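What follows is a short report on a single structure.
Just so you know, ligand 1 is whichever comes first in the structure, and atom 1 is the first atom listed for that ligand. Note that this is a predicted model, so its numbers are computed, not measured.
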Amino acid sequence: MEKDLNGAMQSMSINSSSGSAIVNGCCRGTECIVSGKLSCHSQQQQFDDCSSNLSNSQNNGHCVACKCGGSTQSADETDNVRVGTFGNSEVGGVANVTSSFSYKSTSAQQLQQLQQQQQQAQPQTPLPPHANASIAEKRKMVHELCQQLILTDEQIRELNYRILHEIKRGLNKDTHAKADVKCFTTYVQDLPNGNERGKFLALDLGGTNFRVLLIHLKEEHDFQMESRIYAIPQHIMIGTGQQLFDHIAECLASFMSEHNVYKERLPLGFTFSFPLQQLGLTRGVLSTWTKGFNCSGVVGEDVVQLLKDAIARRGDVQIEICAILNDTTGTLMSCAWKNHNCKIGLIVGTGSNACYVERVEECELFEGADNGKSHMLINTEWGALGNNGMLNFLRTEFDDEIDRHSINPGRQLFEKMISGMYMGELVRLVIVKLVKAGILFKGQDSDVLMTRGQFFTKYVSEIEADEPGNFTNCRMVLDELGLNDATDEDCANVRYVCECVSKRAAHLVSCGIATLINKMDEKHLTVGVDGSVYRFHPKFHSLMVEKITELIKPDISFDLMLSEDGSGRGAALVAAVACREDNIKTK
Ligand code: BGC
């Protein structure tokens with residue numbers, strides 16, 4: 001018997017584990033961090049404590065005392081004349097002046113006088129405002145600044161409501177055009193039933209890399225897969241659509257030749273992980289680019305046709321495009337292949353998005369003939385939430401800055417608060433603000449730290465993977481950033497910033513998932529998950545389990561299942577399901 005999306009369910013238990021020990025219970029401080037007013041003491045923060053062995057950072061951090069050179073800038077014009085009598089010394093600090101002093105007739109006493117005069121005459125570069133604050137004060141200020149990144153229960157409740165509202169607007173024919181969360185129909189109405197067999201090609205475009213795969217579905221749950229990753233150079237990501245699709249077709253042809261299937265006409269599933277208004281399983285019009293792509297001439301076009309045209313321009317390979325799908329769909333399908341209880345697909349990687357199983361009568365945009373199937377996979381494209389101001393009550397100065405400097409300002413605002421493309425940069429912006437205020441690294445920055453995009457998202461995972469009180473990874477990261485003089489307290493504060501940013505992302509995603517779970521109202525369900533942030537962040541999974549459990553109806557249980565290569569195998573499965581004999585008739 002055919003299983004549709006409402007197919008057999010297996011009973012699953014909640015894979016519950018407690019969250020991390022980070023406590024964010026501090027009251028919501030309202031004072032500006034830079035003003036130095038500390039109003040936020042309601043609870044003692046739990047913190048990965050490292051206060052032993054800390055060097056005293058009370059000194060004012062300038063001149064000879066600390067040799068940091070932070071405030072010993074070149075003398076101004078007037079003093080240069082006098083300094084000139086010391087020869088060619090570069091005035092990088094008083095210590096330098098002293099060591100390069102060679103003017104024989106100047107006595108030590110004269111030198112001292114000159115130094116005093118210099119200090120009196122020159123305006124000193126002011127120290128960053130909080131460079132002299134105590135360790136405890138600095139810690140409080142870090143917590144206070146990060147307070148805006150911590151979501152209150154009330155905010156989460158409000159977000160739940162808004163997500164649900166937008167999903168409903170996306171599904172509704174009359175409000176769809178204006179909705180943030182588009183809820184695109186995927187035309188996928190069947191889960192794999194285990195009988196899918198054969199050889200399939202898959203293309204996976206959606207991040208910085210592009211993959212071609214050859215998948216052989218064999219016995220139930222047995223498959224063989226070969227794949228190759230091809231880089232998408234930056235100039236192609238923002239070039240013309242024709243260049244992009246020619247590049248894809250070229251990679252496909254070279255892969256087929258390497259794998260000796262050049263002459264075969266194989267069915268192909270195309271995972272295209274961008275917002276697509278689907279008009280059928282093999283027709284999809286691009287709504288907008290996301291994740292750093294911006295190829296001209298593609299928005300508003302059917303990307304399947306663009307791929308077919310590029311293949312035809314080459315004229316050397318033959319393929320049959322059986323399906324175009326989102327990576328969330330692929331993720332759901334690949335998990336559902338093993339677990340029929342899987343009804344939600346989630347990606348937390350370069351971008352973020354979720355798809356879920358919806359009742360057909362709710363899918364007002366579905367214009368296909370009534371085929372007797374009761375359910376449809378919906379690609380929410382939740383990354384766009386906030387495009388109409390819905391997230392303004394949560395967004396911070398850092399989110400604004402990320403958005404202003406992005407390739408698509410004003411768009412994908414939910415995604416920009418969550419996904420791997422932005423997480424590292426968010427942390428960097430908070431750190432830079434703390435450095436400028438003198439709270440971190442005695443106010444000393446580095447060129448790398450000050451460069452956009454140079455705090456990679458993988459650093460967040462690495463830093464948080466350190467055991468509490470240990471800063472091995474954190475120091476390695478700071479070294480890479482050219483920040484070699486960090487104290488343990490600096491490291492603890494950097495870690496705290498990472499925790500706040502990643503925890504917020506996990507809570508936002510959880511809020512979205514809980515909204516879907518409550519809407520679907522199934523007693524047990526599995527969420528198939530993929531994406532680098534979910535995969536590699538040491539606490540993302542447990543943070544999500546904890547938060548979702550808190551937010552869903554008490555009689556529902558769920559678990560999160562890591563998808564094994566949803567974009568690849570999922571694409572083959574969608575193609576396979578589409579090719580299944582029972583579906584050919586209804587296509
Ligand atoms: C895209 C989605 C995709 C998600 C995860 C977003 O930027 O719009 O289609 O599913 O990234 O890759």
Could you find the nearest protein heavy atom to [atom] and give me its residue, atom name and distance?
| atom | answer |
| --- | --- |
| atom 10 (O) of ligand 1 | D327 OD1, 2.6 Å |
| atom 11 (O) of ligand 1 | K291 NZ, 3.1 Å |
| atom 1 (C) of ligand 1 | S273 O, 3.4 Å |
| atom 9 (O) of ligand 1 | E381 OE2, 2.5 Å |

Quick check on the 6.0 Å ring-centre criterion: do F255 and Y230 meet it?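 Ring centroids of F255 and Y230 are no less than 6.0 Å from each other.
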Do the numbers put R569 on top of the ring of F200, so that NZ or CZ is under 6.0 Å from the six-membered ring centre and no more than 45° off the axis?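 No, cation not above the ring by the 6.0 Å, 45° rule.
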Please indicate whether any nitrogen or oxygen in N379 is less than 3.5 Å from any nitrogen or oxygen in ligand 1.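 No; every N/O pair is 3.5 Å or more apart.
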Counting each atom of ligand 1 from 1 as listed, which ones have a heavy atom of [X] under 4.0 Å away?
| X | answer |
| --- | --- |
| N326 | 2 (C), 3 (C), 9 (O), 10 (O) |
| E415 | 6 (C), 7 (O), 11 (O) |
| P275 | 8 (O), 9 (O) |

What orientation do Y459 and F455 show, parallel under 30°, tilted 30 to 60°, or perpendicular over 60°?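 Y459 and F455: perpendicular rings.
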Taking 4.0 angstrom as the limit, do R228 and E258 come out as a salt bridge?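 So R228 pairs with E258 through a salt bridge.
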Would you call E358 and K519 a salt bridge, taking side-chain N to carboxylate O under 4.0 Å as the test?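 A salt bridge is present here (some side-chain N lies under 4.0 Å from a carboxylate O).
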Only one of T186, N353, T329 passes side chain to side chain donor-acceptor pair (under 3.5 Å) with N379; say which it is.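 It is N353; the other options fail the test.
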